[in-house]
Structure formats: structure tokens, C-alpha cells
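The figures here come from the full heavy-atom set of this structure, side chains too, leaving out hydrogens, waters and symmetry mates.
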Amino acid sequence: MTEWPKGVAKPAIRALQAAGYTQLKQLENVDLSTLAHLHGMGPKALAAIEAALKESREPRE
């Protein structure tokens with residue numbers, strides 16, 4: 001199982017996997033409104049994914 005950010009609950013993870021997403025990096029070019037339509041994807045999971053994606057885009061020092 002791939003590790004998802006804290007705050008992404010099991011129903012959201014199942015929804016992502018059913019849609020073919022197995023890694024956070026696969027969501028880099030996916031619009032969050034697309035994910036919001038997945039059954040099981042809630043506002044907490046979307047916020048956690050958005051924060052993790054934003055953090056992954058920040059340059060490392």
C-alpha cells in the first residue's frame with residue numbers, strides 16, 4: 001500500500017485507488033474538483049492532498 005498524507009481516510013484512499021491513483025505524485029496534474037467527485041473523497045482528504053502537493057512543489061533547501 002502506498003503512503004498517503006495524514007488526513008486522507010481509508011474511504012478516500014479506496015476512491016483514489018479505484019480511479020487508478022496509487023501515488024500522490026500522480027495527482028500533480030489532476031484538478032482537485034475532479035477528485036472531489038469521487039465517492040468517498042471528503043473535504044479533509046482534499047485539503048490534505050492539496051497541502052501535500054503544495055509542499056512537494058516547494059524547493060528543498
Side-chain angles (χ1 to χ4, degrees):
M1 181 167 115
T2 301
E3 206 168 302
W4 291 95
K6 185 176 180 178
V8 180
K10 288 182 182 179
I13 292 170
R14 286 191 297 269
L16 289 165
Q17 291 173 339
Y21 302 113
T22 58
Q23 299 178 9
L24 181 66
K25 67 181 180 179
Q26 290 176 298
L27 303 179
E28 290 175 351
N29 296 315
V30 176
D31 191 65
L32 290 179
S33 65
T34 301
L35 298 180
H37 291 289
L38 297 176
H39 181 75
M41 186 64 63
K44 281 186 177 183
L46 287 171
I49 289 169
E50 184 175 27
L53 288 171
K54 184 184 279 188
E55 184 179 307
S56 72
R57 290 184 195 119
E58 291 177 0
R60 305 268 187 227
E61 290 185 18

Would you give me the side-chain donor-acceptor pairs under 3.5 Å for residues 36-54, sequence neighbours excluded?
none

Sorted by chain and residue number, the side-chain contact (heavy atoms from CB on, under 4.5 Å) partners of N29 (sequence neighbours excluded) come out as none
d(T22 OG1, I13 CD1) to nearest 0.5 Å is 12.0 Å
Tightest non-hydrogen contact, residues W4 and Y21, listed as CZ2-O, 3.7 Å
In short, E28 meets R57 closest at the heavy-atom pair O-NH2, 3.5 Å
A side-chain contact here means heavy atoms from C-beta on lying under 4.5 Å apart; do L35 and L16 qualify?
yes
Rounded to the nearest 0.5 Å, the NZ atom of K10 sits from the CD atom of Q17 at a distance of 11.5 Å
